[in-house]
Each structure stands twice: as C-alpha cells, then as structure tokens.
Amino acid sequence: MHQFDVRVYYEDTDAGGIVYYANYLKFMERARTELLRELGYEQDTLIEQSVAFVVKRVEMHNYAPARFNQLLSIETQIVELKGASVTFKQQIKNSEDDLLVSAEILIACVDLANMTARRLPRSLKGDLTRVI
C-alpha cells in the first residue's frame, strides 16, 4: 500500500471550512502520481512517449468531512491490473485514522496521439505488479 499525506489549505474548502467534494479527487490524483514517481515514472516523460492516463470510472463514498488545516493521509492500493487499465482503491483518513472518503477508480491507458486505448508499457506494468 502506498501512502501520501496532504494538508488541507483554505483554497480546498468551501465557505464553512469543509473540503469541497471534488477536491478529494484531486488529492487522490496526486497520490497516484506520487506512486508512479516513487516507481520511477514521471508523467511528463510518459507523455513524451504518447502514454497518458484517463479516468474511466469513479465510485466515491464520503463518510465524514475533512476540514481546513487538517493533515490527511491518502492510502492507495492496486486492486486490478489489466493490459490497458489499472483499478485503484483509495482511502482518505485524518490524523486520528478516521476514514473520511473511499473510492475505487478505474484508470485507462491511452495513446495520446489518437486517444485510443493502448497497453500499459511493459516495464510499468511489471513495476505495478510488484506493488499489488
């Protein structure tokens, strides 16, 4: 399991100081990007190779709100790895380890030149397999 921490800034919240729901998706995106980075893959380098990732499906459940200035932990697990897609399970918890948000996110690999599905690069798929 990969873990990434993020602080809730004022810009992440609504007028009541509660994280706006769409920002949880941004936090999860950052966590997935950092997972790739820790495996040695920079997305700008992948883009130069015409490899990109798009979100195909999101199922998100909100259990409790995150608030301004809290430190959140995003846990990321790979639950399914196919030829051209990866399904992640992500959970966001506060510093008291309370579950705030959970999501299952299907990411498709696409050829950036024509935006069609393509297989994950062999080395990336191999490295992701070791994370499961």
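Computation of the quantities below employed the complete heavy-atom set of this structure, encompassing side-chain atoms and omitting hydrogens, waters and symmetry-equivalent molecules.
- Of the possible polar contacts, none joining the Q49 side chain to the L46 backbone as a donor-acceptor pair under 3.5 Å is found.
- In this structure, the side chain of D14 engages the main chain of G17 through a donor-acceptor pair within 3.5 Å.
- Of all heavy-atom pairs spanning A66 and L100, the tightest one is CB-CD1, 3.7 Å.
- With contacts defined as side-chain heavy-atom distances shorter than 4.5 Å, the pair E80/V86 does not qualify.
- Atom NZ of K89 sits in a sparse spot, with 12 or fewer heavy atoms from other residues, nucleotides or ligands closer than 6.0 Å.
- I74 CD1 to L35 CG: the interatomic distance, rounded to the nearest 0.5 Å, is 12.5 Å.
- The cluster map of Ile, Leu, Val, Met, Phe, Trp and Tyr, joined by side-chain heavy atoms under 4.5 Å apart, puts L128 and V55 in the same cluster.
- Between the side chain of S85 and the backbone N or O of K82 there is no donor-acceptor pair closer than 3.5 Å.
- L106 and Y24 are assigned to two separate hydrophobic clusters, defined by single-linkage of ILVMFWY side chains at heavy-atom distances under 4.5 Å.
- With respect to T129, the side chain to side chain contact (heavy atoms under 4.5 Å, CB included) criterion is satisfied by exactly one of L81, I78, L124: L81.
- Using a 4.5 Å cut-off between side-chain heavy atoms of Ile, Leu, Val, Met, Phe, Trp and Tyr, with links allowed through other members, M1 and F88 fall into different hydrophobic clusters.
- In this structure, the side chain of S50 engages the main chain of L112 through a donor-acceptor pair within 3.5 Å.
- Taken from CG in N69 to OG1 in T13, the straight-line distance is 10.5 Å, to the nearest 0.5 Å.
- Considering CD1 of I107 and OG1 of T87, their distance stands at 8.5 Å, rounded to 0.5 Å.
- Residues V101 and H61 are not in side-chain contact: their nearest non-hydrogen atoms beyond the backbone lie 4.5 Å or more apart.
- For the side-chain hydrogen bond (donor to acceptor under 3.5 Å, both in side chains) test with S73, the passing option among Q91, Q3, K93 is Q3; the others fail.
- Applying the 6.0 Å contact sphere to CZ of R7 captures more than 12 heavy atoms from other residues, nucleotides or ligands.
- Using modelled atom types and a 3.5 Å distance limit, the side chains of D111 and T116 yield no donor-acceptor pair.
- Hydrophobic clustering, defined by side-chain heavy atoms of Ile, Leu, Val, Met, Phe, Trp and Tyr closer than 4.5 Å, groups L99 together with Y63.
- The stretch residues 27-41 participates, sequence neighbours left out, in these side chain to side chain donor-acceptor pair (under 3.5 Å) pairs: H2-E38, E29-R32, R32-Q90, T33-Q43, E34-R37, R37-E42, Y41-S123, Y41-D127.
- A distance of 10.0 Å separates CD in E96 from CG in L71, rounded to the nearest 0.5 Å.
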| task | Applying side-chain contact (heavy atoms from CB on, under 4.5 Å), run through M60 and E104 and close with a yes or a no. | result | CA-CA 7 Å; M60 186 169 83; E104 189 167 291; over 6 Å; no

| field | Verdict with reasoning, R67 to V8, per side-chain contact (heavy atoms from CB on, under 4.5 Å) | value | CA-CA 7 Å; R67 299 179 185 280; V8 175; over 6 Å; no

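- Here K26 contributes atom NZ and Y20 contributes atom OH; the two are 9.5 Å apart, rounded to the nearest 0.5 Å.
- At a threshold of 4.5 Å between side-chain heavy atoms, the hydrophobic network of Ile, Leu, Val, Met, Phe, Trp and Tyr places V19 and V58 in one connected group.
- Neither F68 nor I92 shares a network with the other; the hydrophobic side chains, linked directly or stepwise wherever heavy atoms of I, L, V, M, F, W or Y lie under 4.5 Å apart, form separate groups for each.
- A103 and M28 get closest at one heavy-atom pair: CB-SD, 3.7 Å.
- Note that the CG atom of L72 and the CZ atom of F27 stand 6.0 Å from one another [nearest 0.5 Å].
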